[in-house]
J.: 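Structure in structure tokens, see below.
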2 protein chains.
Amino acid sequence: MEKMFDLLVDCPLFRGISSTEIEQLLKNNVYQLKHYRKGDLVAVHDDEITALQIVLMGSVKGEMPDLSGRVIKIEDIEAPRPLAVAFLFGQQNRFPVDLVANDEVKILRIAKPDVLLLFQQNKRFLTNYLNAISNRTQFLTRKLFFLSFRTIREKIAFYLAEQMKLQNSSVIILSQPQREMAELFGVARPSLARGFAELEDEGFIEVDRREIKILNKEGLISIAGR
Amino acid sequence: MEKMFDLLVDCPLFRGISSTEIEQLLKNNVYQLKHYRKGDLVAVHDDEITALQIVLMGSVKGEMPDLSGRVIKIEDIEAPRPLAVAFLFGQQNRFPVDLVANDEVKILRIAKPDVLLLFQQNKRFLTNYLNAISNRTQFLTRKLFFLSFRTIREKIAFYLAEQMKLQNSSVIILSQPQREMAELFGVARPSLARGFAELEDEGFIEVDRREIKILNKEGLISIAGR
DNA sequence: TCGTGTTTGTAACATTTGATACAAATTAAG
DNA sequence: CTTAATTTGTATCAAATGTTACAAACACGA
């Protein structure tokens, strides 16, 4: 049981709060523990969300159900992270996806009214929660923005211009594999590789796997358009 | 000045809080008022966000700057609504867009530390704020979900399935012209028309301008996939 | 060192979409 | 009723992307 509080120290919602403080906050038994085995349904699409849920052990995958039986995997949530923080509040308190246990899973549940009490008792927990939702929104905003570009070339050009600023260099090291970047852009992985290859052929950049050298910054920016 | 508190009663962040309570909460002078004229820049892309800002009068538009001088309008925020609630917390405390006054605009500013104090002083304000961010996230999740469909057929099919529920009928009246719907979907107008025509050829629907009759609901849903 | 799994770079081909153009149907305004 | 503007339905063609497949480079652990 002690282990649980140690696990929570690494959870974004409890960042900056010591294990003993966490123990004190939760000591009034305001929580439940749930166990799931591999393949178990942790929650079903449209289930009502009445409690904050934190994955303590194992990982859970979000899936969209398909009428023909197939499923589309949306994302993985690994311990020690919370589930659906942005759906505990707001108008639609229902799971947007199915949640399935990837392996043996332990989940901590704290009912919504108790979460509000925790907010009052610990300011850090509150700001952590606000940060968690906000980060989610920021991630989605960014993703939507990327999808708003018409062509893959534009997405790449914009991404590189952005990274040039961030890394403050004309040689950029990509932090993600192409597969993940393609996912962020909402395009197929080989299409992304082709995009890079085309920009290289046209003399805008020089590509060596994860290392991108910007040869024509102005040209690149004019491709991105914005 | 009294008018301000009355205006705030209609702001989602102060919902359920009376004008006099709002006055009490804000009486310690923890706020600033800013005036802008039509066309004034309220905030610039990448400006740091250190305060909660609420539009009290007029409206503000979010725009993405273009290097060639053009701008792309993202959205309008009208009084009495807050600006960028999801960017006051989280990792990226910077405006994602330029904000330009549409007309004469009054904006209320409350510094971030004071916002946190308000959270402690008034539980309703806190839950309102949580709801505001959460609703934003939910909206974006939905929009992203919509854009995540690969083909136009899938978008149309999903849209129609949704409208069937909303209008509770197997005959759907489209409320927008194709041009606007195409914009929402992020596709070209003739491509959208072609999408409808194809679904008609295949016997899923019957199209008569704005009136769509669903002939094969199950088939349509299986096209949408999810 | 070797094998195994992952990542990257390409290629060929089919599919989807965008761009453009135009006619017919509809609506709005006079 | 007439005319003009808007909306819809189509067609054609080019461009962009997805799909599938495979080989080479790389990373990592046994």
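Naming: A, B, ... by sequence-line order, numbering from 1 per chain.
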J.: For the pair made of CG in A:L199 and C1' in C:dG9, what is the distance, rounded to whole Å?
T.: 15 Å
J.: Between C:dG18, D:dT10, D:dT20, which nucleotide has the shortest distance from any of its atoms to the side chain of B:A197?
T.: D:dT10
J.: Want to settle it: does A:R153 or B:Q178 sit nearer the 5' end of DNA chain D, counting the closest nucleotide to each?
T.: B:Q178
J.: Could you walk me through whether B:F87 and B:Q92 pass the side-chain contact (heavy atoms from CB on, under 4.5 Å) test, one step at a time?
T.: CA-CA 7 Å; B:F87 288 83; B:Q92 185 203 327; 4.2 Å; yes
J.: Counting only side-chain heavy atoms from C-beta out, which of C:dA11, C:dC13, C:dT8 sits nearest to A:R194?
T.: C:dC13
J.: Please verify the inter-ring angle class for A:F125 with A:F14; under 30° counts as parallel, over 60° as perpendicular, anything in between as tilted.
T.: tilted
J.: B:I107 pairs by side-chain contact (heavy atoms from CB on, under 4.5 Å) with which of B:I54, B:L99, B:V42?
T.: B:V42
J.: I'd like to know whether A:T141 forms a side chain to side chain donor-acceptor pair (under 3.5 Å) with A:Q138, so could you lay out the CA-CA distance, the side-chain angles of the two residues, the decisive distance to 0.1 Å, and finally the verdict.
T.: CA-CA 5 Å; A:T141 300; A:Q138 288 166 24; over 6 Å; no
J.: With rounding to the nearest 0.5 angstrom, report the CG to CZ distance, A:D103 to A:R37.
T.: 13.5 Å
J.: When all nucleic acid strands are considered with a 4.0 Å heavy-atom cut-off, which category describes A:R189: base, sugar-phosphate, or nothing?
T.: base
J.: Is there a residue in residues 202-217 of chain B whose heavy atoms reach under 4.0 Å of DNA chain D, and which residues are they?
T.: B:V207, B:R209, B:R210
J.: With Watson-Crick and G-U wobble geometry limited to distances under 3.5 Å, how should the secondary structure of DNA chain D be encoded in dot-bracket form, using | for bases paired to another strand and [ ] for crossing pairs?
T.: ||||||||||||||||||||||||||||||
J.: What is the ring orientation for A:F158 with A:F149, classed by angle as parallel under 30°, tilted 30 to 60°, or perpendicular over 60°?
T.: tilted
J.: Send over the distance from A:L192 CG to C:dT7 C1', rounded to a whole Å.
T.: 13 Å
J.: Give A:A193 one of three labels, base, sugar-phosphate or nothing, depending on what nucleic acid heavy atoms sit under 4.0 Å from its own.
T.: base
J.: Counting only side-chain heavy atoms from C-beta out, which of D:dT17, C:dT7, D:dT10 sits nearest to A:P177?
T.: C:dT7
J.: Across the strands shown, which category fits B:T151 at heavy-atom distances under 4.0 angstrom: base, sugar-phosphate, nothing?
T.: sugar-phosphate
J.: Counting only pairs under 3.5 Å, give me each side-chain donor-acceptor contact of residues 184-197 of chain B, with atom names and distances, residues two or more places apart or in other chains.
T.:
residue	atom	partner	partner atom	Å
B:R189	NH1	B:Q178	OE1	3.2
B:S191	OG	B:R194	NH2	3.4

J.: Check this one for me: any side-chain N or O of B:R179 less than 4.0 Å away from OP1 or OP2 of D:dT7?
T.: yes
J.: I need the A:S170 OG to A:K217 NZ distance, nearest 0.5 Å.
T.: 9.0 Å
J.: Can you tell me which nucleotide in C:dG18, D:dT8, D:dG18 comes closest to the side chain of A:A188?
T.: D:dG18
J.: Measure from the side chain of A:I152, starting at C-beta and using heavy atoms only, and say which of D:dT17, D:dT10, D:dA21 lies closest.
T.: D:dT17
J.: We want to know whether A:E21 and A:S18 form a side-chain donor-acceptor pair, criterion being a heavy-atom distance below 3.5 angstrom.
T.: yes
